[in-house]
Q: 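Dumping the structure here so I can ask a few things about it.
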Amino acid sequence: MPPAADMPKAYDPSLSERKWYAYWDEHGFFGASNDPEDTRPPYVIPMPPPNITGTLHIGHACRTTFEDVLIRYHRMKGFNALWTPGTDHAGISAQVVVERQLKAEGLTRHDLGRAKFLERMWDWRRQSGDRILEQKRTLGASADWTRTKFTMDPDLSRAVREVFVRLYEEGLIYRATRLVNWDVATQTVLSDLEVLTEENVEGEMYEFAYPLEDGGELVVATTRPETMLGDTGIAIHPDDPRYTHLHGKFAKHPLVERRIPIVLDAELVDVKLGTGAVKLTPAHDFNDFASGKRHKLEEISIFTLDGKMNELTGEFRGLDRFVARKAVKKKLAELGLERGSKKHLMTLPKSERSGTVVEPIISTQWFMKMEPLAKPAIAAVENGDTVILPEDWTKTYYHWMRNIQDWCISRQLWWGHAIPAWYCENEHCTVSREDPTRCAHCDSTKLRADDDVLDTWFSSGLWPFTTLGWPDKTLDLQKFYPASDLETGYDILFFWVARMMMMGIHFLGKPPFKRVLLAGMVTDENGDKMSKVKGNVLDPLDIIHGATLEQLLEKAKKSGASEGGLKYIAKTYPEGFIAYGADALRYTLLSYSPQSRRIALSTKRIEGYRNFCNKLWNASRYALGQLDDSTVATGSRPAASLLINRWILSRLENALTTANQGLESYRLDDSSLALYHFVWNELCDWYLELTKPVLSGGSVEEVRETRAVLVHVLEAVQRALHPMIPFITEEIWQRIPKRDVAEACIVSSYPQPDQGLRDEASEREMTWLTAAITSARGLRAAKDIAPKISIRLTLEGDDDARRALLKAQSSAIATLCNASVELAHAQGDVATATAEGITVHMSLEGLLDTEKEKERVGRELAKVEKDLAVLEKKLGNESFVARAPADVVAKDRERQSELATARGKLKDALTKLAG
RNA sequence: GGGCGGAUAGCUCAGUGGCAGAGCGCCGCCUUUACACGGCGGACGUCGGGGGUUCGAUACCCUCUCCGCCUACCA
């Protein structure tokens, strides 16, 4: 089939994405082989799998893209890449699925009980694992270059148990009764990282008086009056002169039968704040808890686990905590103890899961000691074993790791890995790899399993090695641990990355990866966080396939957008999205610098890269249409004698250099920009245009050479761009007639630059040629001469080299400028422009708009004179001439003389125009 | 309160101790046989303010102002 014949005039993304969509579909299906026989250096680029059940989140799309680009690049460089779907985050998906199944069966999870629920969840997980493997197999067959290997450990819990037991035995995991953050809605404990804070909530600072046993009163302030029911102390500063007489005294609780000691606490109390007296509720406040420990105060819990007042609160029993607040205030007022209140701005801790206000509650939980694990993880980054890119994040990493607190790892959730702990009737705790039959401490056989599950990040933290078969000594583990790169978002640097570092070092002695590559967070085009409620969420699938406004609104409604959110959508995308294609989205995401923390995704920008895809498509269409049967790309550089051919090959080397450097150093934006610029501004704007006169009027030999270069550049460009925009490049690449390179596939090699092949002479000469053409076009535009009117040009060069170039390229110039070209001296009435030592005169005979021309030349002269003045001042500065590097001075001198010449010519032109 | 980052064209953002950049937008002209998802030409900047280092600062240092994010604290 003639390669260009069936190519539509505009690139249709659906054309190739139908075929290759699986590359990065919601299942993230892309993987390259890890042949056990292969001894080349291993490369693993892990990432958490996208949410299997839901829609593809834009953040995932972003990470998948970065990861996919790196995998493809390394693959093309000849490294093995292993993409491993995690088996863990899917836990949440599994829960969703099982809930859905139960609903269909008319059941709730409470009917089923936790154990059965978990069982079904894991069943589903196993099935989905099989399904993934099956799909992977199918894909592997269709993409013949890919031999796939997915490590899908069907029983990850074995590894999780192993880790838990070992850490327990080492004393790094322990059980303790502490104040923890409690989510009253979902009734589970939260880790510090799961607590979000809402800023500047208007609250009330409420003051009331505690009557003293010896008469008198002590006024305290609080934002949570209801907690006074759990007060077991009042703290004052030992040096506070106002309260010296209260040392060692007691207050009397006005609502419940309780003596309240007045304690001296210099650590907690700030005499300048409030009344200088602090009520202490050790069971419901982290500071009070610490102070309570110091003074051996009683810890009295007053809440039930669902956030109501418990049996110790007397008449308030059963009230919701917020209702109780009002009731307590009312009661205090009745007793005449209220002492005023004022507005108070505060930050409220809220649960990431349920959004309710977090309640500190005393509870027995499992904890993990972090400091001994954090130290080597800090060292690994300090000594460079692991590099965090962009480097800014290193500081944040240290800051967090050095201030790390013990991690509460137990959760009271309905899904997750069970904690391998059992209790006998004597409350002895047995931790074991296998389900035990008797207590390790008292031989009791009546064992009850711990009801709790592990925090999701506990098993996620083991991900780099459990997915490779650990604790068995597998070949995968040997080959792929440690991995080269981890690509992820900075928002889970602590949740996940830091914990993988700590766990990996602890269990395998080495950090799990050599580089941690952090991408920014994808936001909307205004830089605001995407939020379903706000309606500013972009679904990558909509961007790829297009969506009408109605579809967008419907989807937003389903996911809980507010009225305002829906309005925002209607206003921002009145026509919905056109189908930009996966390549355009990928290229857009890549074009953002990884240095920036935000990726403010705008559809306009995506459209720009969609246009680039179309440009590439049409350039290829043109190029393929120019080839004949004997033209093939061989992957090796063809010989070139014509200027344009030498030049484009040289520029290709230049682009490939930048592209490779960018991919190596995780500056994908540099790579994509360099190739974008090469394709559009060099290949399309100049080279393709300049091949036209050659291909239509050149000698047989010139035509043959040009075709060979054309196909070579075209082929190399597809491979160079392939990691970034795989679909379109694959589509085009398949149509390019090839030999040698054709045997493999587009991912078989990445084009490598060879700086030795740069051709400086051709690049220099091309600047003259383009200067001549640009000048001529500028003259035409300035004179408002329609493109179809042929003009007459006279060209002059400052030196022999330039004159020779002009002579050789005169027909090319004539074609590109729609002009007749002479090389003699200009005669008669002409307009003149000079650049790069080339002077172009355009005959004005028949065109006499001298006013306009005067204006233009005047403008140009002013600019030249301004530049010259700056330069002269600089060069007139003896200090500069003496101290600046010689080449800088020489360069400026050269430029000075160029400008001076230009000024002379412009002045002449102006005189001529005036005369 | 502590930490980290940012301030560059109308917008979103790169960049550099030696001539200030990209995409989009804007203004003209053009449907020329790869492409109007295009071509050609053009306008647009006290590189947040103030000091310092330097022959030279948008870049390095100090400081101020404003804006993000994280983290505490909040009786």
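Residue numbers start from 1 in every chain, and the chains themselves are labelled A, B, ... in the order their sequence lines are given, proteins ahead of strands. Predicted model only: the values in this text are computed from it and were never measured.
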Q: Which pair of heavy atoms, one from A:K279 and one from A:V220, lies closest together, and at what distance?
A: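 For A:K279 and A:V220, the tightest heavy-atom pair comes out as N-CG1, 4.0 Å.
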Q: Does the structure show a Watson-Crick or G-U wobble partner for B:G56, both distances under 3.5 Å? Name it, or say none.
A: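 Paired with B:G56, as far as the under-3.5 Å criterion goes, is no nucleotide at all.
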Q: Could you check which of B:C37, B:G25, B:A75 has an atom nearest any side-chain atom of A:R610?
A: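 Selected nucleotide (nearest to the side chain): B:C37.
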Q: Counting only Watson-Crick or G-U wobble pairs whose two distances fall under 3.5 Å, which nucleotide matches B:C44?
A: none
Q: Give a yes/no answer on whether the side chain of A:K395 brings an N or O atom under 4.0 Å of OP1 or OP2 in B:C70.
A: no
Q: Does B:A72 have a Watson-Crick or wobble mate here (both distances under 3.5 Å), and if so which one?
A: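 Its partner is none (no Watson-Crick or G-U wobble pair with both distances under 3.5 Å).
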Q: For B:C19, does OP1 or OP2 lie under 4.0 Å from any side-chain N or O of A:K891?
A: no
Q: With distance as the sole criterion, do the side chain of A:R777 and the base of B:C40 form a donor-acceptor contact below 3.5 Å?
A: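 No.
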Q: Give me the distance, rounded to whole Å, that separates B:G39 from B:A34 when you measure between the C1' atoms they each carry.
A: 12 Å
Q: At under 4.0 Å, does any side-chain N or O of A:T223 touch on OP1 or OP2 of B:A75?
A: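 So the side chain of A:T223 is within the cut-off, an N or O lying under 4.0 Å from OP1 or OP2 of B:A75.
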Q: Should A:N611 be listed as having a side-chain N or O under 4.0 Å from OP1 or OP2 of B:G38?
A: yes
Q: Answer yes or no: does atom CD of A:E872 have more than 12 heavy-atom neighbours from other residues, nucleotides or ligands under 6.0 Å?
A: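 Yes, the 6.0 Å shell around CD holds more than 12 heavy atoms from other groups.
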Q: Less than 4.0 angstrom between a side-chain N/O of A:W680 and OP1 or OP2 of B:G39, yes or no?
A: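 A:W680 to B:G39 OP1/OP2: side-chain N or O found under 4.0 Å.
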Q: Please confirm whether the backbone N or O of A:S593 pairs with a side-chain atom of A:R667, one donor and one acceptor, at under 3.5 Å?
A: no
Q: Looking at B:U12, which nucleotide sits across from it as a Watson-Crick or G-U wobble partner, both distances under 3.5 angstrom, or is there none?
A: B:A22
Q: Pick base, sugar-phosphate or nothing for A:Y609, based on heavy-atom distances below 4.0 Å to the nucleic acid.
A: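 If one applies the 4.0 Å heavy-atom cut-off, A:Y609 turns out to touch nothing in the nucleic acid.
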Q: Would you tell me if any nitrogen or oxygen in the side chain of A:K788 comes within less than 4.0 Å of OP1 or OP2 on B:U31?
A: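 Checking A:K788 against B:U31: at least one side-chain N or O falls below 4.0 Å of OP1 or OP2.
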Q: Watson-Crick or G-U wobble partner for B:U65, using a 3.5 Å limit on both distances?
A: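 Per the H-bond distance test, B:A7.
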Q: For A:N287, answer base if it contacts any base atom (sugar-phosphate contacts may also be present), sugar-phosphate if it contacts only those atoms, and nothing otherwise; contact means non-hydrogen atoms under 4.0 Å.
A: sugar-phosphate
Q: Please tell me if A:R667 has a side-chain N or O lying less than 4.0 Å from either OP1 or OP2 of B:G15.
A: yes
Q: Rounding to the closest angstrom, what is the interatomic distance between B:G15 and B:G6 at atom P?
A: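 To the nearest whole Å, 10 Å.
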Q: When the P atoms of B:G18 and B:C4 are considered, how many whole Å apart are they?
A: 27 Å
Q: I'd like to know if A:R895 reaches the base of B:C19 with its side chain such that a donor and an acceptor end up less than 3.5 angstrom apart.
A: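 Indeed there is one.
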Q: Would you kindly check whether a donor in the side chain of A:K9 faces an acceptor in the base of B:C35, or vice versa, at under 3.5 angstrom?
A: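 When only heavy-atom distances are counted, A:K9 does not reach the base of B:C35 through any donor-acceptor pair under 3.5 Å.
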